Amino acid sequence: MRRTVFTADHDAFRETVRAFIEAEVVPVYEKWYAEGIVPREFYHRLAELGVFGIEVPEEYGGAGIESFKFQAILMEETARAGVSFGGSSVHVGLCLPYLKSLATAEQKQRWLPGFVTGELMFAIAMTEPGTGSDLAGMRTTAKLSEDGTHYVLNGAKTFITGGVHADRVIVCARTAPPTEQDRRHGISLFVVDTTSPGYTVGRKLDKLGLKVSDTAELTFTDVRVPVADLLGAEHQGFSYLGRNLPQERLSIAVGAYAQATAAVRFAKEYTRQRSVFGQPVASFQNTKFELAACRAEVDAAEAVVDRALDALDAGELTPADAASAKLFCTEVAARVIDRCLQLHGGYGFINEYPIARLYADNRVNRIYGGTSEVMKMIIAKDMGL
């Protein structure tokens with residue numbers, strides 16, 4: 001079926017991104033994969049392409065387009081080619097909404113021009129060792145100094161995508177203890193300069209998948225954060241996190257759908273080329289039935305994603321809607337990618353083949369941004385259960 005969620009402008013952007021990936025990413029991706037990181041200078045190329053500035057207001061150097069659909073196209077095209085842009089997806093997809101909605105005019109002037117050019121790469125630090133999806137349980141603290149000029153940040157974060165290359169990190173920390181009535185009370189957001197004394201980037205985590213994403217551990221030891229770098233109001237951080245989680249969860253749904261689509265493409269191409277018992281694998285009835293079943297699941301995921309993309313741009317995507325989209329698309333992707341890997345036989349287990357990398361990359365979709373179990377809790381609550 002013809003997709004109606006994208007316009008001619010989106011189609012033109014897709015063509016540009018596809019050509020860029022083929023020319024500048026595919027030829028060097030094996031090197032990135034082996035090194036486990038995207039070169040920092042590559043982000044300047046993305047900035048030159050205009051990727052970082054699409055949703056940034058024009059007065060700060062961006063295009064001022066209020067639509068998440070361009071980010072969706074990036075996810076679809078990188079998955080299609082079996083590549084990744086590393087932590088840059090967090091820079092735009094997760095961090096920009098906080099900066100646009102919470103930063104003061106003075107803060108935007110300091111941060112957004114560099115955001116657009118790639119001179120200031122952003123990451124966000126929520127998760128801590130031992131907390132996982134329970135963000136209200138975070139222990140990182142930010143105490144206001146006696147003279148009221150700065151906060152003193154202490155604690156640790158983990159699983160921070162973009163944490164190695166980041167120049168600024170939006171850090172969630174406790175500025176007050178929780179109350180008996182509200183465990184979520186007392187969390188605030190800060191934009192922390194990664195060159196600050198006491199700020200340390202620990203291990204770049206060795207992950208099952210997403211090998212080129214610079215996922216790191218961070219520690220803060222008496223890091224001084226100017227009061228001018230408090231993002232939004234003090235103690236209101238949890239409500240801000242909740243406000244932006246629907247877009248984050250939709251982005252995971254879109255990525256999962258894109259991966260499933262790519263898996264079908266890879267399996268179709270492989271089974272046509274691979275011969276067994278003197279004939280192409282694609283000629284066997286089992287192969288046809290498996291690919292047909294996968295195609296049907298991908299079509300359903302596409303419908304969910306497209307409806308959610310329209311709802312997000314219209315300001316109508318609810319937390320339950322996003323949770324439902326994430327749950328459905330990530331579960332579909334897991335099934336589809338597994339079946340497509342099976343069609344590759346032994347070669348599906350070799351990292352030289354994109355299906356193997358896709359299999360590993362996809363697994364985290366049911367964990368980060370809130371586990372599948374958390375998504376079910378959100379949906380059930382919305383149902384009045």
Side-chain angles (χ1 to χ4, degrees), residues 29 31-44 46 52 78 83-96 98-99 111 114-115 118-135 137-142 153-174 189-225 229 231 237 241 244 248 251-252 255 357 360-361 363-365 367-371:
Y29 193 71
K31 182 174 184 292
W32 293 2
Y33 188 83
E35 295 175 350
I37 197 166
V38 172
R40 179 64 173 80
E41 57 269 20
F42 174 70
Y43 294 147
H44 292 292
L46 287 179
F52 296 156
T78 51
V83 301
S84 167
F85 289 169
S88 65
S89 59
V90 169
H91 177 70
V92 177
L94 269 64
C95 297
L96 184 57
Y98 289 98
L99 299 177
W111 297 325
F115 182 102
E119 294 174 20
L120 291 181
M121 293 300 296
F122 279 74
I124 186 165
M126 302 185 208
T127 305
E128 297 182 2
T131 60
S133 296
D134 181 21
L135 294 177
M138 70 177 62
R139 298 180 180 179
T140 296
T141 61
L153 183 66
N154 283 283
K157 299 289 183 178
T158 192
F159 306 141
I160 309 307
T161 301
V164 174
H165 282 324
D167 302 291
R168 299 289 186 276
V169 176
I170 300 173
V171 177
C172 311
R174 282 208 165 276
L189 307 184
F190 300 89
V191 175
V192 180
D193 185 338
T194 62
T195 63
S196 302
Y199 181 103
T200 305
V201 178
R203 294 183 301 153
K204 185 174 80 66
L205 299 174
D206 183 15
K207 306 182 298 298
L208 171 68
L210 302 178
K211 292 293 188 179
V212 300
S213 290
D214 50 321
T215 306
E217 295 176 328
L218 308 178
T219 57
F220 319 110
T221 305
D222 295 332
V223 176
R224 293 166 64 100
V225 183
D229 291 347
L231 189 61
L241 296 176
N244 286 307
E248 177 184 350
S251 73
I252 297 170
R357 300 178 185 181
D361 290 350
R363 185 59 185 88
V364 76
N365 288 336
I367 299 173
Y368 67 2
T371 63

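Keep in mind that what you see is a predicted model, and the values were worked out from it rather than measured. In what follows, every heavy atom counts, from backbone to side chain, and hydrogens, waters and symmetry copies are set aside.
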message = With a 4.5 Å cut-off on side-chain heavy atoms, are Leu218 and Thr194 touching?
response = no

ring-ring contact (aromatic ring centres under 6.0 Å, His included) filter on Tyr199, not counting sequence neighbours, yields Phe220

Phe115 meets the ring-ring contact (aromatic ring centres under 6.0 Å, His included) criterion, sequence neighbours left out, with His91, Phe122

Sorted by chain and residue number, the salt bridge (Lys or Arg N to Asp or Glu O under 4.0 Å) partners of Arg357 (sequence neighbours excluded) come out as Glu30

- Item | Beyond-backbone contact of Tyr43 with Val38, side-chain heavy atoms, under 4.5 angstrom | yes

Taken in chain and number order and not counting sequence neighbours, the residues that satisfy side-chain hydrogen bond (donor to acceptor under 3.5 Å, both in side chains) with Asp222 are Asn154

Sorted by chain and residue number, the side-chain hydrogen bond (donor to acceptor under 3.5 Å, both in side chains) partners of Thr215 (sequence neighbours excluded) come out as Lys207

Residue set satisfying salt bridge (Lys or Arg N to Asp or Glu O under 4.0 Å) with Glu35, at least two apart, ordered chain then number -> Lys31

Distance col, row Leu210:CG vs Thr161:OG1, nearest 0.5 angstrom, shows 7.5 Å

Residues at least two apart in sequence or cross-chain that pass side-chain contact (heavy atoms from CB on, under 4.5 Å) with Thr219, listed by chain then number, are Ala156, Thr200

Worksheet item: What do the steps show when you test Tyr29 against Ser84 for side-chain contact (heavy atoms from CB on, under 4.5 Å), and what is the final call?
Response: CA-CA 8 Å; Tyr29 193 71; Ser84 167; 3.6 Å; yes

- Taking the side chain from Lys157 and the backbone from Cys172, do they hold a donor-acceptor pair closer than 3.5 Å? yes

Hits for side-chain contact (heavy atoms from CB on, under 4.5 Å) against Ser89, two or more places apart or cross-chain, chain-then-number order -> none

Applying ring-ring contact (aromatic ring centres under 6.0 Å, His included) to Phe159 and not counting sequence neighbours gives none

For Glu248, the salt bridge (Lys or Arg N to Asp or Glu O under 4.0 Å) test, sequence neighbours excluded, returns none

Residues at least two apart in sequence or cross-chain that pass side-chain contact (heavy atoms from CB on, under 4.5 Å) with Ala123, listed by chain then number, are Ile160, Ala166, Val169

Taken in chain and number order and not counting sequence neighbours, the residues that satisfy side-chain contact (heavy atoms from CB on, under 4.5 Å) with Asp167 are Arg40, Leu120, Met121

